[in-house]
J.: 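To start, I am sharing the structure in question, which I have written as structure tokens.
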Amino acid sequence: VLASLNHPNIGAIYGLEDGPAGDDGRSRALILELVEGETLEDRLVRGPLTLHDALTVATQVAGALQVAHEKNIVHRDLKPANIKITPAGVVKVLDFGLAKMTSDHVPGKETARSTRDGFIVGTVAYMSPEQARGRDVDMRSDIWAFGCVLYEMLVGHSAFAGATATDTLAAIIEREPDWSTLPQSTSLSIRRLLKRCLQKEPRSRFHAIADARLDLEEALTETLDPSPEV
């Protein structure tokens, strides 16, 4: 199923091979595309991206998620370390190792559960509130993580950062990001987009990443041609 995600912004999976027997009696390995360049996490060590660069990366990430979601695949671990930027500026979403097939792509319907009830899967700082609680997740959890990544590209630090994993989970569930840290150049439309991605209640978020992608493409065009319409 993951190998069917043929898209220029998704790291390709070429095969699944059986290897020498491991502790569980067998060992399997994915054959993945070698993607040159640095991860977004590495890039963020040097500070936030410009508004134009952040929107460029975000638009490509949204396109990759849209393709996955159309195939009923939820990534569940979207974060800067799983996003790579090639020397040519092409963005690749990597590591669908925690991805899950959903029962239906329609928001609000039941999805495939984690390994067991209450089992938390993912990276703490980018988990949605429902994911942090160990509940069922669907595409809207990826949309939350996408909002976290875009916020971090613009600000230079995580939207929900605590001294410990427990503190971070509490911030995700109980608190809002510090919206005042967004650059002054951040347009009202991008601020609205971020807030719609980072709604605590899943039903209040974008229902499809495609909607966010369209807003990003429009905002990106505005950064190239900021002159008002007449």
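In what follows, every heavy atom counts, from backbone to side chain, and hydrogens, waters and symmetry copies are set aside.
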J.: Is it the case that one hydrophobic cluster holds both L65 and V35, taking links as side-chain heavy atoms less than 4.5 Å apart, direct or via other members?
T.: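 No, L65 does not connect to V35 through the hydrophobic network.
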J.: What do the steps show when you test K79 against D77 for salt bridge (Lys or Arg N to Asp or Glu O under 4.0 Å), and what is the final call?
T.: CA-CA 6 Å; K79 57 185 178 180; D77 198 25; 3.6 Å; yes
J.: Could you tell me which non-hydrogen atom of L94 sits nearest to which non-hydrogen atom of G11, and how far apart they are?
T.: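 Closest approach of L94 to G11: CD2-CA, 4.0 Å.
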J.: Given the side-chain rings of W144 and F160, with only the six-membered ring counted for Trp, is the space between their centroids under 6.0 Å?
T.: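 Ring-ring flag for W144/F160: true, centres closer than 6.0 Å.
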J.: State whether the side chain of K84 and the backbone N or O of L40 hold a donor-acceptor pair below 3.5 Å, judged by distance alone.
T.: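 No; zero donor-acceptor contacts below 3.5 Å.
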J.: Quiz question: by atom type and distance under 3.5 Å, do the side chains of T39 and E41 form a donor-acceptor pair?
T.: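 There is no such pair (donor and acceptor under 3.5 Å, judged by atom type) between the side chains of T39 and E41.
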J.: Could you check whether any side-chain N or O of N9 sits under 3.5 Å from a backbone N or O of V91, counting only pairs where one atom can act as donor and the other as acceptor?
T.: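 Between the backbone of V91 and the side chain of N9 there is a qualifying donor-acceptor contact (under 3.5 Å).
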J.: May I have all residue pairs that pass salt bridge (Lys or Arg N to Asp or Glu O under 4.0 Å) and include part of residues 149-163, sequence neighbours excluded?
T.: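 Residue pairs with at least one partner in residues 149-163: there are none.
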J.: Please confirm whether the backbone N or O of K200 pairs with a side-chain atom of S204, one donor and one acceptor, at under 3.5 Å?
T.: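 Pair absent, no side-chain N/O of S204 close to backbone of K200.
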J.: Drop me the distance from I209's CD1 to C197's SG, to the nearest 0.5 angstrom.
T.: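 It comes to 6.0 Å.
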J.: Can you tell if the side chain of H69 reaches within under 4.5 Å of the side chain of I73, non-hydrogen atoms only?
T.: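 No. Closest side-chain heavy atoms not under 4.5 Å.
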J.: Pair Y151, T181 - check side chain to side chain donor-acceptor pair (under 3.5 Å), show working.
T.: CA-CA 10 Å; Y151 179 98; T181 60; 2.8 Å; yes
J.: Under a 4.5 Å cut-off applied to non-hydrogen side-chain atoms, are H52 and L220 in contact?
T.: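 Contact flag for H52/L220 side chains = yes.
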J.: Go through the steps for T56 and D53 under the test side chain to side chain donor-acceptor pair (under 3.5 Å), then give the verdict.
T.: CA-CA 5 Å; T56 299; D53 287 350; 5.0 Å; no
J.: Ignoring hydrogens, what is the shortest heavy-atom contact between I190 and L216? Give both atom names and the distance.
T.: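 Taking I190 first and L216 second, the nearest heavy atoms are CD1-CD2, 4.1 Å.
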J.: How many angstroms lie between atom CG of L44 and atom NE2 of H157, to the nearest 0.5 angstrom?
T.: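 Here the interatomic distance stands at 11.5 Å.
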J.: Looking only at heavy atoms, what is the nearest atom pair of A161 and T168, with distance?
T.: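 The answer is C-OG1, 4.0 Å.
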J.: Taking the side chain as every heavy atom from C-beta outward, state whether R43 and L49 have any atom pair closer than 4.5 Å.
T.: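 Heavy-atom side-chain distance check passes, below 4.5 Å.
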J.: Show, in sequence, the C-alpha distance, side-chain angles and deciding distance for E33 and I10, and conclude whether the side chain to side chain contact (heavy atoms under 4.5 Å, CB included) test is met.
T.: CA-CA 9 Å; E33 174 186 5; I10 296 177; over 6 Å; no
J.: State whether the side chain of H75 and the backbone N or O of D95 hold a donor-acceptor pair below 3.5 Å, judged by distance alone.
T.: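 Present.
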J.: In chain order, what residues pass the side chain to side chain contact (heavy atoms under 4.5 Å, CB included) check against L16, with sequence neighbours excluded?
T.: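 Per chain and number, L16 pairs via side chain to side chain contact (heavy atoms under 4.5 Å, CB included) with R28, L30.
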J.: Taking a hydrophobic cluster as the set of Ile, Leu, Val, Met, Phe, Trp and Tyr residues connected by side-chain heavy atoms closer than 4.5 Å, whether directly or through intermediates, do V93 and L32 fall within one such cluster?
T.: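 Cluster IDs for V93 and L32 match.
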J.: Taking the side chain as every heavy atom from C-beta outward, state whether L78 and I83 have any pair of such atoms under 4.5 Å apart.
T.: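 A side-chain contact under 4.5 Å exists here.
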J.: State, with a plain yes or no, whether a side-chain heavy atom of L51 is found less than 4.5 Å away from one of L55.
T.: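 L51 vs L55: side chains touch.
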J.: So, using side chain to side chain contact (heavy atoms under 4.5 Å, CB included) as the criterion, who are the partners of S180 when residues are at least two apart?
T.: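 S180 satisfies side chain to side chain contact (heavy atoms under 4.5 Å, CB included) with D178 once adjacent residues are dropped.
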J.: What is the minimum heavy-atom distance between V90 and P8, and which atoms define it?
T.: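 Heavy-atom minimum between the residues: CG1-O, 3.8 Å.
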J.: So, taking the atom named OG in S158 and the one named CD1 in I172, what distance separates them when rounded to the nearest 0.5 Å?
T.: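 Reported value, rounded in 0.5 Å steps: 7.5 Å.
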J.: Main chain of R205, side chain of Q199: is a donor-acceptor contact present, judged purely on distance under 3.5 Å?
T.: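 It does not hold such a pair.
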J.: If you count heavy atoms of other groups shown closer than 6.0 angstrom to CZ of R203, is the number above 12?
T.: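 Open.
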J.: If you count the non-hydrogen atoms of other residues, nucleotides and ligands that lie under 6.0 Å from CG in D18, is the total more than 12?
T.: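 For D18, atom CG is crowded (more than 12 foreign heavy atoms under 6.0 Å).
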J.: Looking at every heavy atom in both T186 and R191, which two are closest together, and how far apart are they?
T.: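 Smallest heavy-atom distance, with atoms named: O-NE, 3.1 Å.
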J.: Hey, any chance I173 and L198 share a hydrophobic cluster, counting ILVMFWY side chains that come within less than 4.5 Å of each other, even indirectly?
T.: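 I173 does not cluster with L198.
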J.: In the structure I gave you, are the side-chain heavy atoms of E36 and T86 within less than 4.5 Å of one another anywhere?
T.: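 Side chain of E36 against side chain of T86, heavy atoms only: no contact under 4.5 Å found.
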J.: Answer yes if V61 and V67 sit in the same cluster of Ile, Leu, Val, Met, Phe, Trp and Tyr residues linked by side chain heavy atoms under 4.5 Å apart, and no otherwise.
T.: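 Same cluster: V61 reaches V67 through Ile, Leu, Val, Met, Phe, Trp or Tyr contacts under 4.5 Å.
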J.: Within a strict 4.5 Å, meaning less than it, do heavy atoms of the L154 and L150 side chains meet?
T.: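 They are in contact (side-chain heavy atoms under 4.5 Å apart), so the answer is yes.
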J.: Does L193 share a hydrophobic cluster with W179, counting links as ILVMFWY side-chain heavy atoms below 4.5 Å and allowing steps through other members?
T.: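 Same cluster.
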J.: Search all heavy atoms of Q131 against all heavy atoms of M127 and return the closest pair with its distance.
T.: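 Taking every non-hydrogen atom into account, OE1-CA, 3.7 Å.
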J.: Before accepting this row, confirm whether a basic side-chain N of the pair R76/E130 lies closer than 4.0 Å to the acidic partner's carboxylate O.
T.: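 Judged by the 4.0 Å cut-off on N to carboxylate O distance, R76 and E130 do not form a salt bridge.
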J.: Could you tell me whether the side chain of L5 reaches within less than 4.5 Å of the side chain of I13, counting heavy atoms only?
T.: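 I13 vs L5: side chains apart.
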J.: Do R140 and D142 meet the salt-bridge criterion of a basic N to acidic O distance under 4.0 Å?
T.: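 No, this pair does not count.
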